[in-house]
Structures are given as C-alpha cells and as structure tokens.
Amino acid sequence: MDRALTLATRHALATQRRNGSWLAAPAARVTETALCTVALARSPHPGADRAAERGRAWLAGGAAPQDHHPVAHGVETALLSLALETGGPIDMSHPAFTDRALSARARFLQAIALHTGRVTRGGTGPADLRALLVSELSAPGRLKRWTRVELWSAHALVEAHFGNEPAARHATRMIADEQSPEGDFFANPVTTALAALALQAAAPGAAAARSAAQHLITGQLPDGTWRFSTSDVWDTALTVRVFHSAPLFRRHGLPAAAAFLVAAQNPDGGWPYRSGVESDNDTTAAVLIALAGLHDVPGETVGAGLRHLAGQQMSDGLWRTWQSAGDPPVDDVIAHVVTALDRHSGRHRVRPAAARRWLTERLGAQGRWQAGWYRGLPYATAEVLPALNGAAAPAAGHPAARTLANTRNPDGGWPVEPGGPSVPAATGLALAALERGGLHDADHWAEGLTYLVATQRADGTWPGVPLMYGPRPLLSHFPTHTHAFAADGLFAGRRRLGATRAPKEG
C-alpha cells in the first residue's frame, strides 16, 4: 500500500501545472461533439465543413449514447441523430423529460429540431415552446450566466423559425454581450455551440457568429472531438483534500496549490468551479475544506469565503448549489458547506444545525443520501458523513456506512451503484466512507485495499468511468477525479491500519 500511495502521489505531482493547479480534459462523449458538429455544419466559416466532417467521423465510429438515465440517453440519441442526419423524429416522450430540473434539456432539443426541420415526439408544440422561452427569460430571479445564454440561444432559434427577425436579432445581441474575446462562452462547448448555432441562424454576418465558429474549429481535438468544460479550481481543491497528508506532496505540491486557490477567489469571497466564472457554494465549501489547517493562507481569504457562505444561507438554514433561484439544495453541497464551517469553527457565526438535521432527515426519508454532482452511493456517503460530526455508533458504525459496506462485490471492490461492476473510484470512496462512518470490519478493508492495489496502473493511476454530472443528468469522466477518489481510499486504509512511516519518496 505504501508503494501504491507513493506512485499515486508522484503522479499527482507530475500532473500539477505551473500555476499550482490541476486541470484535465474529460473523456469524449456524444453531447459536445454532436452539438458542435451540428453548429459547424450550418456555418459558412472557412474550415467549418471540414471540422463538422471530422466530428461526424468520430460519432459514426462507434460513439454510444449514455444509458444510465432516460434523459441522458434521450439527449445523446437525439444529438447523434441530428449530427449524423439519420432522420426519424427527435424523441422526447419519456416522462423524465418533464422533471422540473431536466425539462430545459427538452426545450433546447426542441429548439434545435425546429431550426433544423426535424419532427419531434413529445415535448410542447412550437407555439407553446415559444411562449415558454419568453416567460423564462422575463421571469424574476437570478440565472446563471451560461443558462441565460442558452435560453437566449433557444429563443433566437425559435423566433428565427417563426420569422420574427427583430426578436431573433435582439436575442443575438444579448448572446454576444456574454461572449469572450476568444469567441467562446464560459469555456463551455455546450453553451458555445448553442450560441454559435443561434448566431448563425439570426445574425449570420455578425462578428460574434464568425468568432464563435472559429473558436469551435480551433478547439476541436485531433481525434475529431470536443470535450466538456474543465474545472481547475474544483480539481485542485479535490487533489489538496486527498493528498495533503503525504509528506512528499506537502513539500513539493501543496504550497503552489494553496497559492493557486487563494488567487482563484472571486471578489464576492466565493470560489468558482473553474477560473473566470461565478462562484458556487459547493466549490466555495470545498476550497475552504482544502485550506483548513494550512499556515500560509491569509486570514482574510478564509474570512471572505466564510462571509460568502453566510450570505448564501437561506431562511430555512440551507444552501443552494449555485446562487441561482432555480437550484435546489442537494445532499453533497449541504454537507460540504457544513463541513467547511466545522473546519473553521470560531471564525464565523453561521449556524449549521438546521442543515445537519436536514441531512439526517434525508437519510431517513430516502434510505440513503443522493449527491447532486456525482453519481453513486459511495460518493454521497463519503462526502456527507463528515458533516455529521462523527455521529456513528463506535461499535457498529453509522447506518449509512453499513449499508454501503453491504454493496461490496465479490472481487473486493465497490460499484458506483449496487449491482454494478467494481470501479476503483467507487472503491476508494467507499473505503473513505467506512473510515468516516466508524466501520472497522477488517474483511472489508483488506478486500477493498487489495482491489485498489491490484487495479492501479504502473504510472500510479487507475482506470475510470464517468461519474460527475454536467450538465445533469449527463455524466463526464475526469481523470483527476478518479485519481483522487481511488487514492482517498488508500489514505483511509493507511490511517485505519495505523501505519507510522510515510510513503517512500524515492
């Protein structure tokens, strides 16, 4: 296990960027490549047709829609059909598309289908879609900036379809106001492709349309794909949280990582999941957890972060994921905020008792915790337990940890969800959850640690699967996350076994 931890720590240090952060492109999936292909296939910009052809070649080469959720499967199936122009209706008839949190996916698909002349099954009619988009854009309450761009983009496509040129032109001006000098929108290819499609439809000769198309062309990877947004701040906070106890990491990686996190703080005191976008409560809490106990972090940095969380607390004592009125509280975000407040107790007056009660009630009502940003029982259990202040019964362990322990597979590993195949990231998270839940059954630890050591590659990494939601309910695989989650289990095992010597540095 010492050797495995040494290899994992070396890999973390080898992949740290010069500015102290970690950032890795996620694995390719249908969503981004299909959507960018659709946008460029309708652009006259030089090179757009060639880029679209390369995108179609990758999609036709065996790209498969995700199938863990009916909306994820429906979205990727529809986008694949639109990009490859295979015909047939765009199917949004599954009842899951009507879910309040997921209905936006249906609206964007309908707008694209309407623009491209494709028949749809399910959803609302064109006139109702038109009215719905107008209503959402004029509704009170704060929207995330990229959500606003995506709504204006859908609105522009629909108004152009109905021949309302003034409304479509107005929408493109609202879109262009959010465009970066590089032509993208928040470094997110989903938002950028939707905006490019809308700009080309409603303002084809405008500089914003040309700039968006050029950005998509230059952002295409050699394999013909486009990838989901990266998350340098989140990845760095996660890496620090996991590796901070390794002496090699503390000497060679931690100082620069902490400096990066301090510099990444937004003027409002919070932290964004990636540099340059607005703060969110989950990342703010995760960074505060990562910075806890570090000596060279300015007190004002932590103080501003705590004040930001205090200002984001709602009247019921909970927190939303983002600062947007449309985002409900979710288990992992609430737990991260409570844990961050606990780690910095004495430096704030925020009362987390209501949030702690809410987490306990959620477990009772659901029988488990459900994370908002990662799929799987291991992540939700591992991330929520620290917020309960060690409430586990010393002998038997916390009930949530016992439930998780019982989902272990015969090969010693844990699945993302009960009944699935074992996954290194899920196994690492499960072992971390057992430690946090006070479950000390040696059989689980021996089998789980053996599985992690056996599945580690020679370069210190582990194979991974898509785990992070974005945009929900689609999943992305970030190698940095897999690495941190698997290593977290090894560090937990090392503490559990009471080892005294540090991993070798040789």
Side-chain angles (χ1 to χ4, degrees), residues 25 28 31-59 79 82-85 108-109 111-118 133 137 144-230 274-277 471:
T31 296
E32 288 77 21
T33 299
L35 194 52
C36 292
T37 296
V38 170
L40 290 177
R42 285 156 180 79
S43 172
H45 196 79
D49 53 348
R50 172 59 182 150
E53 181 182 336
R54 293 174 59 217
R56 279 191 290 267
W58 183 86
L59 293 166
L79 290 174
L82 287 164
L84 297 179
E85 300 177 348
F108 296 141
L109 283 179
I112 297 170
L114 200 63
H115 173 63
T116 56
R118 294 290 291 275
L133 289 170
L137 284 166
K144 295 185 287 290
R145 291 171 64 196
W146 54 87
T147 299
R148 190 162 58 243
V149 168
E150 290 169 1
L151 280 171
W152 279 115
S153 298
H155 178 62
L157 291 173
V158 172
E159 293 303 321
H161 170 80
F162 278 98
N164 188 347
E165 185 176 335
R169 284 273 186 176
H170 173 70
T172 62
R173 289 193 292 272
M174 300 300 291
I175 295 168
D177 284 346
E178 297 285 359
Q179 190 173 30
S180 80
E182 291 75 29
D184 68 296
F185 294 83
F186 316 108
N188 186 334
V190 172
T191 307
T192 303
L194 281 169
L197 193 63
L199 291 167
Q200 177 57 36
R210 297 193 302 272
S211 182
Q214 183 59 44
H215 180 83
L216 291 178
I217 293 168
T218 57
Q220 189 177 32
L221 295 179
D223 63 357
T225 66
W226 288 265
R227 308 294 176 92
F228 189 53
S229 177
T230 54
R274 62 165 288 121
S275 301
V277 300

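All residue numbers refer to positions in the sequence shown, counting from 1.
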Nearest 0.5 Å, what's the CZ-OG1 distance between Arg54 and Thr37?
-> 10.0 Å

Taking the side chain as C-beta and beyond, is there a heavy-atom pair between His115 and Arg42 under 4.5 Å?
-> yes

Would a 4.5 Å heavy-atom cut-off, applied to side chains only, mark Arg145 and Phe185 as touching?
-> no

In this structure, CZ of Arg169 is separated from CE of Met174 (nearest 0.5 Å) by 16.0 Å

Taking only Lys NZ, Arg NE, NH1 and NH2, and the carboxylate oxygens of Asp or Glu, determine whether Arg56 and Glu53 approach each other closer than 4.0 Å.
-> no

Distance, nearest 0.5 Å, that separates CG of Leu35 from CZ of Phe108 = 10.5 Å

For Ala51 against Trp226, the heavy-atom pair lying closest together | O-CH2, 3.9 Å

How about Pro44 and Gln200: do any of their side-chain heavy atoms sit closer than 4.5 Å?
-> yes

Could you pull out the closest heavy-atom pair between Leu157 and Ala198, with the gap in Å?
-> CD2-CA, 3.8 Å

Is it true that a side-chain atom of Gln179 and a backbone atom of Ala208 form a donor plus acceptor pair closer than 3.5 Å?
-> yes

List the atom of Ile217, the atom of Ala48, and the distance in Å for their closest heavy-atom pair.
-> CD1-N, 3.6 Å

Taking the side chain as every heavy atom from C-beta outward, state whether Thr116 and Glu85 have any atom pair closer than 4.5 Å.
-> no

Output for pair (Thr192 OG1, Trp146 CH2), nearest 0.5 Å, gives 12.5 Å

Inter-residue atom distance Glu182.CD - His215.NE2, 0.5 Å rounding = 8.0 Å

Leu197 vs Ser153 side-chain heavy atoms within contact, under 4.5 Å | no

For the residue pair Ala203 and Thr172, what are the closest heavy atoms and their distance?
-> CB-OG1, 3.9 Å

Can you name the nearest heavy-atom pair linking His45 to Ala213, along with the distance?
-> CB-CB, 3.9 Å

Do the non-hydrogen side-chain atoms of Lys144 and Val277 ever get within less than 4.5 Å of each other?
-> no

Taking all non-hydrogen atoms of both residues into account, name the closest pair between Ser229 and Asn188 and its distance.
-> CB-CA, 4.3 Å

Please examine the side chains of Leu79 and Val38, heavy atoms only from C-beta on, and report whether any two atoms are closer than 4.5 Å.
-> no

Straight-line distance of Thr225 OG1 to Trp58 CH2, nearest 0.5 Å | 6.5 Å

